[in-house]
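Sequence lines set the chain letters: A, B, ... in the order given, protein chains first and strands last, and positions in each chain run from 1.
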Protein chains: 2
Amino acid sequence: MKVKSVDIARESLADRVRQILTDRIVDGTYPAGTRLVEMQIARELNLSQAPVREALCALEAARFVETEPYRGTRVRRIGERECREAYQVRAVLEGLAAELGTANLRARLRELRAAADATLAAAKRGEVMRYLHHNVRFHQMIIEAANNEVLRQTWESLAFTVGARIRASRATGDMIAVAKEHREIVEAVAHGDARAVGRLLRRHAEVLVEGMAEV
Amino acid sequence: MKVKSVDIARESLADRVRQILTDRIVDGTYPAGTRLVEMQIARELNLSQAPVREALCALEAARFVETEPYRGTRVRRIGERECREAYQVRAVLEGLAAELGTANLRARLRELRAAADATLAAAKRGEVMRYLHHNVRFHQMIIEAANNEVLRQTWESLAFTVGARIRASRATGDMIAVAKEHREIVEAVAHGDARAVGRLLRRHAEVLVEGMAEV
DNA sequence: AGAAAATCGATTATCGATAATCGAAAATAT
DNA sequence: ATATTTTCGATTATCGATAATCGATTTTCT
């Protein structure tokens, strides 16, 4: 009988490689522009080129990296323009989410308000990472309330574009102002005013776009 | 001096495979649920497993197919619900495009109107394929006018979900009604009324959702 | 010296073969 | 006869090696 080492591996090697590379890109170990050389990574992780290549293929699809034929793969660089564009798209997606999901959201009002409060609290204390965490959570709740899987995935596909830029720019400028807007949004949800929620979310994203500095 | 044969092959094998498989999925050669066996395809095209596998990876990312570890890949089946969801998302994307791009669009009003007219003409003659073609073209023009690359790509990523369902359901019900709405939209563009264009487009997509029958 | 051509090292793209895994069918046990 | 285990064929996942291509460097020619 074969004993599976510890069976931590229910996933394929390629999946694990993908996860590792994703982490490194997100946490800044591989900054924008870094070349990802297949055999280098393969040797480091003690495996062959194939699973690495597959992981890179997935990362390219998620637009984390760019690949040119015979020229290799590098971590994608996200410009101010692209980030602005992504914010505009996200804004309407969240606006839609609001109109679809305000009713559901109202049922979980307590939770939503908690997220908003946590965001504000972190902002006031200047705890950037915590602030970002709760901020994401707040928006995520809104998206999930819409109960529209296509919407959720589409929204998530923009997360990297937006997130990378935020981290890069350290644009934590007016965290407090942003967090306060969350409370406004919570109030609109409490009143069940879907249109208002949508409008606030769209404006919310627009403000963030304005507040973005060039790097 | 090197003469590049005819440079028909500037793309990798994997790219070509991807194109071939995409075509077959879109044109119905591989209906939903069809298994895509790597070595089978490789033998048919006289190449090894690797490029086929890479192509499948790309198709999975585009959500044309689904892959389960050690269980293979099959053409994705798109349900009524998912299609409805995709339409809702598309609707707000086009609404955004309208508000961003109505000014640009106005400059190309003649072209837009031509597309709308062609759609209506095809609808009246019952030429389904031509109708679909011009219909897509019309919406594409609106998206492109917005001059927002993230928006364009996001919109395009929904094309399969929506298109597959349309072909499957043969839901050509009220082509004429749809085409007539296009003319309304053209008029709003002519007046430069971005808000109205946005509203019309959102309603436009909603109507299509209603008109969708279960298969 | 300066431009064109040949060479070279590094890396990707592809190949052919093997290992791992799955589902179903066959064999065995109760 | 039914339930459990074993075997088997098919297919995916991974490997190691080779071919193709690229950019830079060196060489050659004028």
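Residues meeting the side chain to side chain donor-acceptor pair (under 3.5 Å) test with B:Arg152, sequence neighbours left out: B:Glu149, B:Glu156.
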Under 3.5 Å, N/O pairs linking protein and nucleotides 9-14 of chain C:
unit_1: C:dT11; atom_1: O3'; unit_2: A:Arg35; atom_2: NH2; d: 3.4
unit_1: C:dT12; atom_1: OP2; unit_2: A:Glu38; atom_2: N; d: 3.3
unit_1: C:dT12; atom_1: O3'; unit_2: A:Tyr70; atom_2: N; d: 3.2
unit_1: C:dA13; atom_1: OP1; unit_2: A:Tyr70; atom_2: N; d: 3.1
unit_1: C:dA13; atom_1: OP2; unit_2: A:Arg53; atom_2: NH1; d: 2.6
unit_1: C:dA13; atom_1: OP2; unit_2: A:Arg53; atom_2: NH2; d: 2.9
unit_1: C:dA13; atom_1: O5'; unit_2: A:Arg53; atom_2: NH2; d: 3.4
unit_1: C:dA13; atom_1: N7; unit_2: A:Gln49; atom_2: NE2; d: 3.3
unit_1: C:dA13; atom_1: N6; unit_2: A:Gln49; atom_2: OE1; d: 3.2
unit_1: C:dT14; atom_1: OP1; unit_2: B:Leu13; atom_2: N; d: 2.6

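Remark: the A:Asn135 side chain and the A:His182 side chain contain an N/O donor-acceptor pair separated by less than 3.5 Å. There is a side-chain donor-acceptor pair under 3.5 Å between B:Gln19 and B:Asp23.
A distance-only check finds no donor-acceptor pair linking the side chain of A:Arg24 to the backbone of A:Thr29 [under 3.5 Å].
Atom CD1 of A:Ile143 and atom OG1 of A:Thr154 lie 9.5 Å apart (nearest 0.5 Å).
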